Each structure stands twice: as C-alpha cells, then as structure tokens.
Amino acid sequence: MKVITLNDEIMIGQVIGDRFCALLQENPSAVLGLATGASPIPTYQCTISRFKAGDVSFAKAHTFNLDEYCDLPAAHPQSYRSFMHTQLFSHIDIDPQNTHLLDGNASDETAECSRFDALVEQLGGVDLQLLGIGRNGHIGFNEPADTFTQGSFKVQLAPSTLEANSSYFVGERMPTHALTMGVGAILRAKEIVLVATGASKAEAVKAMVQGKITPQLPASALQNHPNVTIYLDPAAASLLQ
Ligand code: PGA
C-alpha cells in the first residue's frame, strides 16, 4: 500500500482526477468504480475541468458506484444517483445507460445485488476504484463486522455512519439501510485509490495502514491488494508513525 500525503483536498483531487483521465486516454472503454460523500468531490471537479478542456472523453466508459441508500427515491436530492448526476455525470459526455448504481428500492434486493455483481463481471471488472473511508473504517457501506463481505448485500448503517451523514438529512428521516458492494468485490478492482482528509479520519487511517487486518476495520483489507494508493492531507495522516 502506497501512502501519499499532499497539502490539501484540492491537490489530492487533481492527482486522482489526472489518474482517471490518464486511464481513459489509454483505455476509452475503462470501467470506473466511483464513490460518493465529500471526499471524491475535488476529484470529480478536476475530472470535469479536464473534460471541458477537451482532454478526455467518457463516451465509451462504464461506471459502477459502491453503494446506494435503501428506501430513498432515486430522484431524492440525497440519493447517490442524484449525487452522481449533480457532481459528475451531468457535466461530462458519459452515456447515462453506462452509469450503474445498485437500486436501493428494488423489491427483490438479493436479485438486485446479484444483477449488479454479474454486470461488473460481464464488463471485465473495475479498472480503477475510487474510495473514501468512514470514521469507523468502512469502505463503501461495509461497516465493522465479524467477517469480510464478498458480493453486494443489504447492510444496516452503523451509528457512526448515521451520525456522520445525518447533516445531509436535516428535518427528514435518514435512511437506516443501504445496498453496498462487498469488500471482496471492491478488492477485485485492478487499481484502488482512497482519499481521506481531516482529523476525524486520522484514527481510521492509522488502523487501515498500520493496524491488523480485521473485518472490524473493513478498510484494513486493502493491505492485501497489490495496487492501492492512499491519499491523505496532513490532518488525516497525523497519527501515522
Ligand atoms: P466522506 O465519507 O467522504 O463524506 O467523509 C466517506 C465514507 O463514509 O466512506
């Protein structure tokens, strides 16, 4: 696992945005693994600028998102479908049909998870996966657990996740469950980049990089992947030895 500390989230976004663009220049049909939350926004902003400058096209690319809330209409402003539209998809030339998210409102959630996992495989797997990390060490919505998860599944959100994301749901009930890719599926990506910024992530970052590999800290599984780069700001890196 390579760990790189940069001055701030803007610099991190530029480096990762440039990596996404380089991959698409090399392979216009690349399969991109995308994330939501605050951490990926500077990466998406860099990517949009590079697209507007004519450096890159997403016309043949496919994207898969890590997770989606259950029981939240897709058109709700806080759904991850809406987030991706607002933060990235509406600004670039990607074919909406090629943007894949789990359907958190599916009547048969097990079938929906199987459909999603099969589609990732059918398209050859994820080439480059972008991740954030939760304060409790989650990746996607894989919360601390007794075993590492594999394929996509329905998860009950942990109290620390509910607390961290409640600011997005002021005056309304926050979803308590989500569909998420499993840790095993995330690790099948050929290359992984993870962003963590701010002091609130410092404990989780230390455990991910220097702790033992345990499903109680799901991001620690990344230690087993051959091509992971962790991008930190000084606050998130502050507890690393
Ligand atoms: P954040 O969330 O980027 O909004 O901090 C990351 C995560 O919970 O995975």
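These numbers come from a predicted model, not from an experiment. Just so you know, ligand 1 is whichever comes first in the structure, and atom 1 is the first atom listed for that ligand.
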Are Phe153 and Phe141 an aromatic pair by the rule of ring centers under 6.0 Å? no

Self-check item: More than 12 heavy atoms of other groups within 6.0 Å of Gln25 CD
Solution: yes

Residue set satisfying ring-ring contact (aromatic ring centres under 6.0 Å, His included) with Phe64, at least two apart, ordered chain then number -> His100, Phe116

What residue among Ile139, Leu130, Ile16 forms side-chain contact (heavy atoms from CB on, under 4.5 Å) with Leu194?
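When side-chain contact (heavy atoms from CB on, under 4.5 Å) is applied between Leu194 and each of Ile139, Leu130, Ile16, only Ile139 qualifies.
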
* Got a salt bridge between Arg115 and Glu112, using NZ or NE/NH1/NH2 to carboxylate O under 4.0 Å? ->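 Judged by the 4.0 Å cut-off on N to carboxylate O distance, Arg115 and Glu112 do form a salt bridge.
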
| For ligand 1, what are the residues with a heavy-atom contact below 4.0 Å? |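 Contacting ligand 1 under 4.0 Å are Gly37, Ala38, Ser39, Gly132, Ile133, Gly134, His138, Lys201.
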
**OP:** Quick one: pull up CG in Leu24 and CZ in Phe58 and give me the separation to the nearest 0.5 Å.
**Re:**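 Between atom CG of Leu24 and atom CZ of Phe58 there are 5.0 Å.
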
